[in-house]
Number of protein chains: 2
Amino acid sequence: MKIIQEVSLISVGSFEESKDWSIIRSEVRNAISLIVHPSGTLSFTINPTRHGNGVKPIKEACMIALKDRFGWRLETSINYATKSPGKVDATKVIDNYFFALEWETGNISSSHRAVNKLVLGLLRGVFLGAALVLPSRKLYPYLTDRIGNFEELEPYFDVWRAIRIEEGFLAIFVIEHDQVDSNVPTIIKGTDGRALI
Amino acid sequence: MKIIQEVSLISVGSFEESKDWSIIRSEVRNAISLIVHPSGTLSFTINPTRHGNGVKPIKEACMIALKDRFGWRLETSINYATKSPGKVDATKVIDNYFFALEWETGNISSSHRAVNKLVLGLLRGVFLGAALVLPSRKLYPYLTDRIGNFEELEPYFDVWRAIRIEEGFLAIFVIEHDQVDSNVPTIIKGTDGRALI
DNA sequence: TATGGATCCATA
DNA sequence: TATGGATCCATA
């Protein structure tokens, strides 16, 4: 899988220039590059059937790489002191602080929650930085309908940029397939939502 | 239907003390009170089957009342100048400004988008004020699974309270059934999502 | 094609 | 019971 864009949605303070971010960024880039399809190949080729590919397996390889190669923790429950929202997909601990990563291939509305959650962690000071990974609009049509995608979230960026925060960093990685090929198998869909009809 | 709580999530400026808000508030309260089930009765009685009631018809009566009795516009497309997100459920025009209302019975993640959208309208200055209507956690178990509900959104309030804004007002109305009765029919579900399995 | 939604799933 | 998600629908 390739990264076609990186956006610093929130960058207050020096984290963006830190060594920590430089390392984390390269780990995330590296892990994303390890997502291939079909398995056994060296790049991510998608069958261009509209809404033809499920999203569940896509995240796998990236999460495994973050965990096994770079020592991240997966599905971390975050304690925000009081009433805490749930988990984030992956975290890396740096000097007793968390860097949090959310992989967003749920519904686009779920992407709003994901960003809100990362922002909350920054506000509470439990995250030093955070990142969201989501598909480009070019990949979007081939995946389960209404999956979160960069272009549809972008009009809301001003909301998060208006957050009053003392320190915090939030990056967005936009991912896309490397090639299109009707001969590769589609990615299997789960039984969620309305899949069984 | 009854309103069990009203929260001023954002209140910067004088809108909350204005005559406009006093009128709009009473219109919204009035419209919500007109939601009944089964139809023909005088209150909202729900069949307490877990996940047994669809949400689509619930909004109906309220929207019709806002439109027919109080002159609101439904499904208003909002022009936020540049890249604009879509529509809000209902708007009332006051001195060339909009008051916007979102009725949230989509997935809880969709409630995040709804608030983000209202906030964006406030930031852009196209809304003078805004309101979100959503079910209480007590009503929640009887509706389609994972519907937006107040208690699950509440942990995120600090995110929206941290928005840097010069002027704006955002209220949340929490609604609930008046009675529970196993003898009333369940509210019909649509064919959306995974309904047909 | 684009956007808000409605529905049910998986897992702790 | 609680939470993040995955899936397909309806409509303009």
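By convention in this document, chain letters (A, B, ...) are assigned in the order of the sequence lines, proteins followed by strands, and residues within each chain are numbered from 1.
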Quiz item: Okay, side chain of B:Asn107, backbone of B:Ile147: is any donor-acceptor separation there less than 3.5 Å?
Solution: no

Taking [atom1] from [X] and [atom2] from [N], how many angstroms apart are they, rounded to a whole number?
X: A:Asn53; N: D:dA6; atom1: CG; atom2: C1'; answer: 14 Å
X: B:Tyr140; N: C:dT7; atom1: OH; atom2: P; answer: 14 Å
X: A:Asn116; N: D:dG4; atom1: CG; atom2: P; answer: 11 Å
X: B:Leu153; N: D:dA2; atom1: CG; atom2: C1'; answer: 15 Å
X: B:Leu143; N: C:dG5; atom1: CG; atom2: P; answer: 16 Å
X: A:Lys87; N: D:dT3; atom1: NZ; atom2: P; answer: 12 Å
X: B:Asp89; N: C:dA6; atom1: CG; atom2: C1'; answer: 13 Å
X: A:Leu74; N: C:dA10; atom1: CG; atom2: C1'; answer: 17 Å

Self-check item: Residues which pass salt bridge (charged side-chain N to carboxylate O under 4.0 Å, His left out) with B:Asp89, listed by chain and number, not counting sequence neighbours
Solution: B:Lys59

Check whether any side-chain nitrogen or oxygen of [X] sits under 4.0 Å from OP1 or OP2 of [N], and answer yes or no.
X: A:Arg137; N: C:dT1; result: no
X: A:Lys56; N: D:dT7; result: no
X: A:Lys189; N: D:dC8; result: yes

Quiz item: In residues 101-115 of chain B, which residues come under 4.0 Å of DNA chain C by heavy atom?
Solution: B:Glu104, B:Thr105, B:Gly106, B:Asn107, B:Ser110, B:Arg113

Exercise. Measure from the side-chain heavy atoms of B:Arg146 and tell me the nearest of C:dT7, D:dC8, D:dT3.
Key: D:dT3

Quiz item: What side chain to side chain donor-acceptor pair (under 3.5 Å) pairs are there with at least one residue in residues 125-142 of chain A, not counting sequence neighbours?
Solution: A:Ser136-A:Glu176, A:Arg137-A:Asn149, A:Arg137-A:Glu152, A:Tyr140-A:Arg146

Quiz item: Restricting to pairs with a member in residues 31-40 of chain B, which pass side chain to side chain donor-acceptor pair (under 3.5 Å), not counting sequence neighbours?
Solution: none

Quiz item: Which pairs pass salt bridge (Lys or Arg N to Asp or Glu O under 4.0 Å) with one or both residues in residues 21-42 of chain B, sequence neighbours excluded?
Solution: B:Glu6-B:Arg25, B:Glu6-B:Arg29, B:Glu27-B:Lys92

Quiz item: Which salt bridge (Lys or Arg N to Asp or Glu O under 4.0 Å) pairs, counting each pair once, include a residue from residues 39-48 of chain B, with sequence neighbours left out?
Solution: none

Exercise. Please report the shortest heavy-atom distance between B:Ile35 and B:Ile58, naming the atom on each side.
Key: CG2-O, 3.4 Å

